[in-house]
Amino acid sequence: MKKIIASILTAAALTIPVSAFASGAIPDHNGTSMEGFEIGTAKLNSAVKSYSSLFKKAGDQYGVDPNLLAAICMQESSGRNLSYRDDGSEYPAWGIMQIEYSLGKAFADFGEDTTGVRWTLQDRLDETKAVPFAAYLISKSLVSYDCDYMKMIQSYNFGQTVLDRIIDAVGDNWLEERVNAAKYADNWTYEKYGDAQYIEHVLQYYHNDIEYIGAKVRINGELLEFDNQYPLLETVDGETYTLIPIRGVSEALDADVEWDGKNQTVEISKDGRDMTLFIDSNTAILDGEEIELEMSAKIKNDRTMVPLRFVMEAFDVDVEWDQETRTVEITK
């Protein structure tokens, strides 16, 4: 158990000089005060950059800023959670999952849902499996905490399971255990469970070094959750468009949506109006009339994505884009 505590505290010792975030660096952050915080680093840990493509793909797919995903993965992996490749070199074992303690079944289920194969504990050492799972878990937390990043990280990294194990090992005075790992905590003034100082150390890895093309959708102010593909931004001829999974369209519109895989078409019906979209075609049919689109429907990560603004406005639904929070606001 001391190793668990040490791994948590090690992350604090590995931080580097801090510089302030640029305004809006934490998109759609709300709730917890950021007053007095200077977080973010001039450059990320080199291991983050070596896995940047994984962070970007998983982050965009599951609606998590890849930089935030990298920050939490690296923070959790910077302690005892190292493994070794066949050539003997080290690489992070992505301890964020705590799979060996509490999430083995969830990890196996996720593997089966996404690849058709149940993943094992050994698979947690495979970053191509562990990073997407981490993104999936974080995306669920972000929705639960309505994008309050600090509360999400606080809850996620000091989950009740880990806390219970620490208390079981050292009793009610579990905070005193950090004295036994003081060499890891010289720069960490931690006074109570949930101390915001812990969050600051987590986020010190976070910086806008990896491009993020994800977006969020709110319907009448409520954050819309997606299973395994979030809305994405795509730029064509200098104009940026939001592509949304068709399931999100049905929820946003209270519409009937049907996918025809054989003919690669999407049919949307609402209040007596009918629309047909064709994959990779700039032509749509609305109530029998052909209409030219500026952005066609596409397949992303095996999910059908349609141009959100065109679909919403065709059915008289108000849509607004908030650039600062990267959020599509739908009013119905």
**Message:** For Thr265 and Thr276: C-alpha separation, side-chain torsions, deciding distance, then whether side chain to side chain donor-acceptor pair (under 3.5 Å) applies.
**Reply:** CA-CA 7 Å; Thr265 62; Thr276 302; over 6 Å; no

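- Ring centers of Phe110 and Tyr136: under 6.0 Å apart, within the cut-off.
- To the nearest 0.5 Å, atom CG of residue Leu308 and atom CG of residue Leu243 are 9.0 Å apart.
- Look at Lys56 and Asp60 and you find a salt bridge, because one of the NZ, NE, NH1 or NH2 atoms lies within 4.0 Å of a carboxylate O, short of that distance.
- Remark: Glu313 engages Arg309 in a side-chain contact (heavy atoms from CB on, under 4.5 Å) (not counting sequence neighbours).
- A side-chain donor-acceptor contact under 3.5 Å links Asp126 and Thr128.
- Atom NZ in Lys300 sits 15.0 Å away from atom CD1 in Ile244 (nearest 0.5 Å).
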Per-pair distances, 0.1 Å, donor-acceptor, side chain in residues 286-294, under 3.5 Å, sequence neighbours excluded:
unit_1 : atom_1 : unit_2 : atom_2 : d
Asp287 : OD1    : Asp274 : N      : 2.8
Asp287 : OD2    : Arg273 : NE     : 2.9
Asp287 : OD2    : Arg273 : NH2    : 3.2
Glu292 : OE2    : Thr283 : OG1    : 3.2
Glu294 : OE1    : Tyr241 : OH     : 3.2

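- Sorted by first and then second residue, the pairs that involve residues 108-119 and meet salt bridge (charged side-chain N to carboxylate O under 4.0 Å, His left out), not counting sequence neighbours, are Lys105-Asp109, Asp109-Arg118, Glu112-Arg118.
- Judged by distance alone, the side chains of Ser296 and Ser281 never bring a donor and an acceptor atom under 3.5 Å apart.
- You'll find the side chain of Ile279 reaches within 4.5 Å of the side chain of Thr304, heavy atoms only.
- Contact check for Leu223 versus Lys216: side-chain heavy atoms found under the 4.5 Å cut-off.
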